[in-house]
Every structure is written in structure tokens, then in C-alpha cells.
Number of protein chains: 2
Amino acid sequence: MRRTSEETKSIILAAARERFAADGYERATIRSIAADAKIDPAMVMRYFGSKEKLFAAAAEFDLRFDALAEVPRERLGAEFVRHFLRQWEAGESLQVLLRTGITNDGAAERMREIFAGQLAPKIAQLTGDPASAPVRAAMVSAQMLGIGLARYILEFPPVVAMSEDDLVTWLGPTIQRYLTAD
Amino acid sequence: MRRTSEETKSIILAAARERFAADGYERATIRSIAADAKIDPAMVMRYFGSKEKLFAAAAEFDLRFDALAEVPRERLGAEFVRHFLRQWEAGESLQVLLRTGITNDGAAERMREIFAGQLAPKIAQLTGDPASAPVRAAMVSAQMLGIGLARYILEFPPVVAMSEDDLVTWLGPTIQRYLTAD
DNA sequence: ACTGTAGGCCAACACTTGTTGACAATCAAC
DNA sequence: GTTGATTGTCAACAAGTGTTGGCCTACAGT
């Protein structure tokens, strides 16, 4: 027994996240994940049961809006943009979701849950308007996912070249309007 | 000789576009495409050489900006939004690109070509500012791809529920700013 | 020292994938 | 009617997939 089972489990999870983020669901094979983790493919099955379940474990995600507390109304847009950009950079989780959500129905469902279940309530709270929150959340999601797509997946050169401040300048007013326009 | 080769070729192409749009590159198998077209898989190979080449043929795309001619400057945003939405609805081509561009490098490259090669020049022409056109094109692309993603791929309920007019109301000012802000 | 248990590896399975070659069917030209 | 080319079919291939079971190997408790 070299390691405890929890240790190897998290090693596998880390490798899985990287592969799913880089290759998408189908091209991220259990064998390649196991190779990255320097572990036998059979161990992946033992600990996670199936590829589908491994993916489910790797795609756990929290937008962490708790970190976004007190913001004056007129700076909401800029702060949201900055928060999302940090989320994109922080870990592979959002990239996992975007890469896989497009071919894997489970991931798409997860995505809907996250943006409807985490973003919409936060917007409702910040704006004090629960009725319009789902629509606003959807618009914000569309814009921020579009930027993530262009910057991290498709790698459009102009978007890749922008600094965080550039992006805030471009996107801030857009998000501000989606959040607060009547 | 039941059909001419050009006929079967276009039957295969149509089936391929549908499958690629619905399933993405990896899950759209040659066998499933052939089955849809009611044709032997070997014919697909004979006419297109390989799956990669079949995909290249299926992913030909033209944003058709020729249809967008004379627009007063202040209505540019709304007209662009409408044009893009029509492109999304018209055929599967944009959905093919988005579904596949995320796992297939060739498709991602194609996507960059299209938006840098077709959208940016049109913007340069309409705004008379070639220097900033690539950045504006990238921002417009990000927003419109994000909406396509949310509406047609991930199917966020609020975005699916919106009418074309609703979308123009939300997106028009955004695109207008990306096109004309200094 | 012996045993039970839990981590790890190997080999194989059943299946699907893209791709290929040989063979049959159909039509046009002479 | 025979030839030649073009369209279609069939079976098989080599490689790669998720998944399974059996067999080692190392430790903990007695």
C-alpha cells in the first residue's frame, strides 16, 4: 500500500480535470487519464465506477459568488466581469464544462443548473428584482461564456491578446446593462 | 447506376451536416452518417477520402454579409443581431462549426478564418476604421457565439424562450457599442 | 509468524471506430 | 452483345474504447 485510497482518488481527479478540459469528453480516454496519473486504468474504474461517474466527479463546480459581496450598483458590471475572468483562469473547471457541455448531455444539464441555480439567485439578491433575474442571468452567461469560448477554446487572437483591464473595459458596460437595464 | 455520383455525394453531405451539428465531430460516426443517408459506409470513403475530408466539405461556410448592405450607422447593432440570428436558424452550418470547433482543431481554425476573414473586413468597411476592426469583430463574435451556444447548444430556458425581437432588444445595443464605441 | 484486507497491476473481454480491398450490379458506347 | 467504366455491396482488417476478473504485493492486527 503505497498511498491511501483518498490520495490516489484525488490524483486521478486532477488528471481527469486536465484531460477533460483539454480534449473534451470523448477524446479524454480513461487510458490517457490513467497514464497522466501514472496509474492503471483499472484503478480508475475501481474508484469511480465508470467514465460517466468520473466525469460527474470532475465537473463539480462552484461559481463562488460568496466572494462577491458588497458592490455599489454602478460598478456591478465591472466587478462581475472581473469575477468571471478570475474563475476562468483559476482552475480548469469552467473549461471542462464548456468543452464537454457541447457533446455531453450530462454536462449541458450541469451547466444549466449552475447558471440558473447559482448565478440567477445572486443577481436576484444584488438587484432586488427576482422576476427578471433568470433572463438577466442567461444574458450574462451567454456573454461570459462567449468570451471564454473565444479566449480559451477557439483562441481568437484579438481576444487572447487583451489584458484583463481591456476586457473589463469592453465587457463591463455590457454586463452592467444586462444586470440593471429596465 | 441508380444515381449519379454528384447526387449521392450531396445526399451524404446533407446527412453529414446534420450529424456533425447534432453530435459533434467524434460522436458523428461515418457509419451513422451513412445509415442516415441509407448508403454503405464505404461510399462515404470513396467520395470523400476520409472522415477529416468529409468534415472539411461539410463545414464550408459563408456568413453572407453581402445581404447586409445599406444600414444607417445608428441601426448597425440591431441589423447585425438580426442577420446573425437568421444565420443560426437558416442551416446547420454554424451549429456544425460550434459543436465541432470545440474538440476539433481543424474546425477551430476554420472558425478563426471565418470571423477574422469575413466579419472583420465587413466591419472595417461599414465603420471606415480598419485599425480597430479585428478587435470589434472578435467582440461581436464572442457575443453572438455566446448567444448561439446558450440558445441552440446548451438550451438555457430563458434564452430559448425569447423571440427574435426580444433578442434584438437585449443584444442590439451591445453589438452597436462593440461596432461603434471609440 | 500468520492471516486478512486493501491497493495495485496484468491480461483479456466485447464492442466500435475508420478504412480497405475484392466482388456484384448497372448503364453507355461501339 | 460485348466491353468498359461507374455505382453499389459485403466482409474483413487493425487499432482503440470502456470495462471486468484474477492475481500479485504490501501492510495492520493478532
Side-chain angles (χ1 to χ4, degrees), chain A residues 1-59 96 99-107 110, chain B residues 1-59 96 99-107 110:
Chain A
M1 300 178 187
R2 276 286 164 60
R3 287 170 295 221
T4 160
S5 74
E6 290 301 322
E7 279 173 337
T8 47
K9 235 177 136 172
S10 76
I11 293 179
I12 295 173
L13 255 186
R17 265 191 266 264
E18 260 184 68
R19 278 282 168 186
F20 280 130
D23 296 343
Y25 186 80
E26 354 277 338
R27 286 186 26 197
T29 69
I30 289 205
R31 280 174 166 85
S32 70
I33 292 170
D36 286 0
K38 297 193 177 68
I39 279 181
D40 194 275
M43 302 262 51
V44 179
M45 301 303 296
R46 198 208 284 281
Y47 287 133
F48 292 93
S50 71
K51 184 182 181 179
E52 195 65 39
K53 287 183 191 157
L54 168 63
F55 170 74
V96 171
R99 269 246 163 71
T100 56
I102 272 147
T103 47
N104 185 281
D105 286 346
R110 179 74 55 99
Chain B
M1 297 180 188
R2 276 286 165 60
R3 286 170 296 221
T4 160
S5 73
E6 289 302 322
E7 279 174 338
T8 46
K9 235 176 135 172
S10 76
I11 293 179
I12 295 173
L13 256 187
R17 265 192 265 265
E18 260 184 69
R19 277 283 168 184
F20 280 130
D23 296 342
Y25 186 81
E26 354 277 339
R27 287 185 26 196
T29 68
I30 288 205
R31 280 174 165 86
S32 69
I33 292 170
D36 286 359
K38 297 195 177 69
I39 279 180
D40 194 276
M43 302 261 59
V44 180
M45 300 304 295
R46 197 207 286 279
Y47 287 133
F48 292 93
S50 71
K51 184 183 181 180
E52 194 65 39
K53 287 183 191 159
L54 169 64
F55 169 74
V96 171
R99 268 246 163 70
T100 55
I102 271 144
T103 48
N104 184 280
D105 286 345
R110 178 74 54 101

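Only a predicted model underlies this, so the values are computations on that prediction, with no experimental measurement involved. What you see below is based on every heavy atom in this structure, not just the backbone, and it leaves out hydrogens, waters and symmetry mates.
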Please report the end-to-end axis angle for the helix from C:dG8-D:dC23 to C:dC30-D:dG1, five pairs per end, rounded to 10 degrees.
10°
Look at the side-chain N and O atoms of B:Thr8 and state whether any lies under 4.0 Å from the OP1 or OP2 oxygen of D:dT7.
no
Roughly how far, to the nearest 0.5 Å, is OG1 of B:Thr8 from CG of B:Leu13?
10.5 Å
Below 3.5 Å, can you tabulate the donor-acceptor pairs from side chains in residues 35-49 of chain A to any protein atom, sequence neighbours excluded?
unit_1, atom_1, unit_2, atom_2, d
A:Asp36, OD1, A:Arg19, NH2, 3.4
A:Asp36, OD2, A:Arg19, NE, 2.8
A:Asp40, OD1, A:Ala42, N, 2.8

Verdict with reasoning, A:Phe20 to A:Arg27, per side chain to side chain contact (heavy atoms under 4.5 Å, CB included):
CA-CA 8 Å; A:Phe20 280 130; A:Arg27 286 186 26 197; over 6 Å; no
Using atom CG of A:Asp23 as one end and atom P of D:dG16 as the other, report the distance to the nearest whole Å.
15 Å
Looking only at side chains, do A:Glu26 and B:Thr103 share a donor and an acceptor under 3.5 Å apart?
no
What's the CD1-P distance between A:Ile12 and C:dG7, to the nearest Å?
11 Å
Got a sec, which residues hit side-chain contact (heavy atoms from CB on, under 4.5 Å) with B:Ala107, two or more places apart in sequence or on another chain?
B:Phe55, B:Thr100, B:Asn104
To the nearest angstrom, how far is B:Ile33 atom CD1 from C:dT16 atom P?
17 Å
For atom CG of A:Asp40 and atom P of D:dT19, their distance in whole Å:
15 Å
Measuring from B:Ile33:CD1 to B:Asp23:CG, what's the distance to the nearest 0.5 Å?
9.0 Å
Whole-Å distance separating the CZ atom of A:Phe55 from the C1' atom of D:dT17
18 Å
Nearest whole Å is fine: how far is D:dG8 P from B:Ile39 CD1?
7 Å
note: B:Tyr47, atom OH; D:dT6, atom P; distance rounded to Å ~ 11 Å
Phosphate oxygens OP1/OP2 of D:dT6: is one of them under 4.0 Å from a side-chain N or O of B:Ser5?
no
Heavy-atom closest pair (B:Tyr25 atom, B:Glu52 atom, distance to 0.1 Å) is OH-OE1, 2.8 Å
Can you name the atoms? Protein N/O to nucleotides 17-19 of chain C N/O, anything below 3.5 Å, with the distance.
unit_1, atom_1, unit_2, atom_2, d
C:dG18, OP1, B:Ile30, N, 3.4
C:dG18, OP1, B:Lys51, NZ, 3.1
C:dG18, OP2, B:Ile30, N, 3.1
C:dG18, N7, B:Arg31, NH1, 2.6
C:dG18, O6, B:Arg31, NH2, 3.0
C:dT19, OP2, B:Lys51, N, 2.8

Rounded to whole Å, the CD-C1' distance (B:Glu7 to C:dT26) equals 15 Å
B:Arg46 (side chain) and D:dG8 (base): donor-acceptor pair under 3.5 Å
yes
Rounded to the nearest 0.5 Å, what separates atom NZ in B:Lys9 from atom OG1 in B:Thr4?
10.0 Å
Once side-chain contact (heavy atoms from CB on, under 4.5 Å) is applied, do any residues pair with A:Thr29, and if so which ones, sequence neighbours excluded?
A:Arg31, A:Ser32
